[in-house]
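Please read the structure below before turning to the comments.
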Amino acid sequence: MPPNTNPTHSKSTKRSSLGDEPNQESAPARGDDLLADAGESLETSEFYSPVPDGYVRGRHKYVAVFGTVMSGLGKGIFSSSLAKLLKGKGLIVAPIKLEGYLNIDAGTLNPYRHGEVFVLDDGAECDMDLGTYERMLDQDLTRENFVTAGQVFSEILTRERHGEYLGRDVQMIPHVTGEVKRKLREVAMAGDGSGPADVVFVEVGGTAGDYENGFYIEALRELAFEEGTDSACFVALTYVIEPPALGEQKSKAAQLGIKRLMEAGVQPHIVACRAHNPCEPSAMQKIAMFSNVPLNRVFSMHDRVSIYQIPEAMRAEGLDREVLSILNLHGRVDTVREDEARAQWREFVRNLTKPDRRRVTIGVTGKYAALRDSYASIDKAVEHCSSHLSCIVELRWIETSDITDRNVAHALAELDGVIVPGGFGTRGVEGKIACVRHCREHHLPYLGICLGFQVAVIEFARHMLGLEGANSTEFVRDCTDPVISELPEQKRIEQLGGTMRLGGQDVVITPGTLAAFLYGRSSAKAGKSSGAPFTIRQRFRHRYEVDPTYVDQLESGGMVFSGRHPQQPIMQALELPGHPYFFALQSHPELVSRPLRPEPSFMGLIAAAVARRHPDADAAGWTQPIVKARA
Ligand code: GLN
């Protein structure tokens with residue numbers, strides 16, 4: 001067992017074992033004190049550790065979550081749940097994910113291998129875990145909250161070319177770790193946009209022992225040393241196996257995994273044990289003993305019905321209190337706020353886990369239908385609605401490559417609604433168009449997302465306007481009627497190095513439309529009574545759009561473009577009056593759905609599906625004006 005060299009840990013452990021409250025005793029020397037004693041500055045010494053201007057040491061605390069044993073344990077869920085608890089206590093939190101891969105962002109990653117690409121309001125393309133943070137915290141993140149090894153190295157190489165390392169040989173330590181620490185401190189200063197962070201939650205991608213994330217672990221070890229006592233709380237997320245043949249839990253893998261972390265100089269303050277069933281005391285005792293962590297700081301994080309139960313489960317076990325003690329944060333907590341935040345959340349979770357809810361089935365067409373992670377945000381957006389509309393939504397994934405006008409009725413039988421989600425490339429597109437046609441002609445509720453918006457336009461042009469050759473130039477470059485095409489504006493962006501229209505944009509909603517009904521319910525700016533246009537914020541990731549020269553023709557045929565770009569002729573939302581629910585967005589509404597603020601286009605779809613399957617059911621007012629007025 002390596003000696004405990006971490007001053008933060010030795011103090012906090014002592015305090016917990018005595019059971020006393022945080023105190024103001026004089027702190028042991030911190031890393032920077034040691035450096036100051038040596039008469040050197042952090043920037044020029046061997047301890048190169050760039051600190052952003054204006055950074056106040058001791059102001060910000062850091063919780064770092066490391067994976068051990070294996071990946072896929074839900075570090076993001078753990079970290080965001082804990083962050084949520086602390087945010088609920090009035091603290092400003094800022095999450096950051098450190099990815100080990102060399103890609104600059106997630107834009108080029110195959111969602112089939114890596115899960116969906118999540119797009120932030122500022123246009124950053126990142127890991128789907130950022131979606132977990134945004135949803136759990138109900139907080140918009142920025143590109144600063146997502147770091148890849150590729151970003152770190154490319155910035156270092158740029159600095160090196162500019163001579164910014166003053167003749168030094170540039171090394172993993174201190175330069176690479178220094179840049180990582182700089183990023184962590186920058187996130188601390190940026191906070192949540194409203195103020196600097198009280199606590200930064202650092203999720204280290206991968207598993208302790210991987211080559212890829214070793215420099216992140218080292219950077220965090222250094223950061224804790226430099227920031228000093230009470231500033232960092234290290235969490236080892238581990239896994240307790242339960243081989244079916246043995247029928248009992250075994251902690252050896254967890255012990256070995258945590259040991260890898262300790263070999264890297266990181267002594268965890270908290271161990272969180274993922275497991276299928278609640279962890280047995282004997283397993284937790286062994287883990288506590290072998291990892292130097294008091295038993296009251298070893299927690300069972302076993303599987304729950306819903307991830308949204310985890311914050312309350314953590315609270316019930318006292319995990320949040322232990323973290324506050326380790327970070328000496330009890331004094332910054334606001335308990336009144338905490339009670340309000342919990343009540344709303346509990347109601348949401350209760351509705352989500354009620355067993356006796358009515359059921360609906362929604363089909364989702366998609367190339368990556370084999371992998372649920374590829375559509376994680378759609379899954380979540382639907383889940384949010386299912387709580388607010390008291391229903392269980394079964395998602396049925398539909399591979400469209402073999403769907404034609406002839407077999408589509410069979411493929412979509414038993415469905416109460418259909419989502420055609422975003423996608424790229426030609427595969428399965430004709431099948432999706434057949435699905436849209438079926439939904440339009442048979443009054444099956446339809447929600448089109450990005451590509452689903454574009455195929456709705458193509459289908460309408462072909463079958464309602466008689467433009468048989470209607471298509472997108474993405475699929476048939478020289479089609480006779482390119483109703484969806486890459487616009488000159490987009491081509492200009494590409495010449496500047498960008499590839500897509502990415503990130504948050506305002507959408508102007510036309511009064512008196514289904515869009516105005518849906519978004520008017522949730523938008524304070526809606527101006528419903530005055531019937532004035534209002535704007536909503538959506539997130540985009542696309543290259544093609546409706547060719548403006550076809551807009552008049554499409555609208556004369558009965559399609560209504562109810563959402564538009566504030567200045568340019570870019571169509572953003574469409575609908576078909578007279579249909580119970582036919583709505584599509586050029587954006588990705590699933591990216592902005594939050595548990596307590598479900599996305600209106602999804603609410604409309606699920607409510608219409610409920611109304612179709614259970615005609616007497618109450619859909620919380622989300623369908624009445626549409627279904628009854630236009631049926
Ligand atoms: N492939 C289409 C485009 O680039 C749709 C993109 C998407 O669905 N995200 O415009």
Side-chain angles (χ1 to χ4, degrees), residues 105-112 114-121 123-126 128 131 364-369 373-379 381 397-398 400-401 418-433 435-436 446-459 461 470-477 479 482-494 498-505 507 538-548 550 561 563 565 568-574 583-593 599 601-602:
D105 59 36
T108 53
L109 294 178
N110 177 350
Y112 189 72
H114 195 79
E116 76 176 1
V117 177
F118 195 85
V119 182
L120 302 179
D121 191 78
E125 295 175 288
C126 52
M128 57 188 275
V364 185
T365 68
K367 177 168 151 188
Y368 304 117
D373 269 3
S374 317
Y375 297 110
S377 292
I378 289 183
D379 202 16
W397 305 91
I398 302 167
T400 54
S401 301
V418 171
I419 298 174
V420 173
F424 295 83
T426 50
R427 191 167 155 251
V429 162
E430 288 302 320
K432 287 173 195 170
I433 293 172
C435 291
V436 176
Y446 176 76
L447 175 62
I449 296 176
C450 203
L451 178 66
F453 171 94
Q454 298 173 355
V455 291
V457 172
I458 296 169
E459 191 281 324
N471 218 320
S472 163
T473 52
E474 180 181 8
F475 313 134
V476 179
R477 194 88 232 143
C479 58
V483 288
I484 306 292
S485 63
E486 195 180 20
L487 294 180
E489 180 62 22
Q490 191 57 43
K491 288 188 186 131
R492 270 201 297 280
I493 298 175
E494 274 182 42
T499 57
M500 274 195 270
R501 185 163 173 258
L502 281 169
Q505 297 269 347
V507 176
Q538 286 280 320
R539 288 194 198 164
F540 294 80
R541 182 173 188 252
H542 67 120
R543 193 175 285 124
Y544 299 83
E545 38 206 27
V546 180
D547 188 320
Y550 286 94
F561 289 106
H565 187 281
Q568 292 157 16
I570 307 178
M571 302 302 117
Q572 319 270 39
L574 67 78
F583 190 67
L585 288 161
Q586 180 61 84
S587 55
H588 284 273
E590 73 277 21
L591 301 180
V592 290
S593 184
E599 213 288 332
S601 65
F602 280 89

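Indexing begins at 1, ligand by ligand and atom by atom, following the structure's order. The analysis underlying the following values was restricted to heavy atoms, covering all of them including side chains, and did not include hydrogens, waters or symmetry mates.
- Here the side chain of Glu116 pairs a donor or acceptor atom with the backbone of Ser377 at under 3.5 angstrom.
- The protein non-hydrogen atom at the shortest distance from atom 10 (O) of ligand 1 is Tyr544 N, 2.9 Å.
- With ligand atoms numbered from 1 in the order given, ligand 1 contributes 5 (C), 6 (C), 7 (C), 8 (O), 9 (N) to contacts under 4.0 Å with heavy atoms of Cys450.
- Heavy-atom minimum distance, Val455 versus Gly452: CG2-O, 3.6 Å.
- In the vicinity of Arg543, heavy-atom distances shorter than 4.0 Å reach the ligand 1 atoms 3 (C), 4 (O), 10 (O).
- Using a 4.5 Å cut-off on side-chain heavy atoms (C-beta onward), Arg539 and Phe118 make contact.
- Taking all atoms of both residues into account, the shortest heavy-atom contact from Arg477 to Tyr544 is NH1-OH, 4.0 Å.
- Within the 4.0 Å heavy-atom cutoff, Met500 does not count among the residues contacting ligand 1.
- By the 3.5 Å distance cut-off applied to N or O atoms, Gln586 is not counted among the residues near ligand 1.
- For a threshold of 3.5 Å applied to N or O pairs, the pair formed by Gly422 and ligand 1 contains no separation below that value.
- With hydrogens and angles disregarded, a donor-acceptor distance shorter than 3.5 Å links the side chain of Arg541 to the backbone of Gly107.
- In this structure, the side chain of His588 does not engage the main chain of Leu591 through any donor-acceptor pair within 3.5 Å.
- Of all the heavy atoms of Arg541, the ones lying under 4.0 Å from any atom of ligand 1 belong exclusively to the backbone.
- Between the Glu599 side chain and the Ser601 main chain, a donor and an acceptor come within less than 3.5 Å of each other.
- For ligand 1, one of its N or O atoms has an N or O atom of Gly423 under 3.5 Å away.
- Under 4.0 angstrom from ligand 1, the non-hydrogen atoms of Gln454 all belong to its side chain.
- Protein heavy atom at the shortest distance from atom 2 (C) of ligand 1 is Glu474 OE1, 3.2 Å.
- When atom types are taken as modelled, the side chain of Glu474 and the backbone of Gly425 share a donor-acceptor pair closer than 3.5 angstrom.
- The residue Glu545 has no part lying near ligand 1, judged by heavy-atom distances below 4.0 Å.
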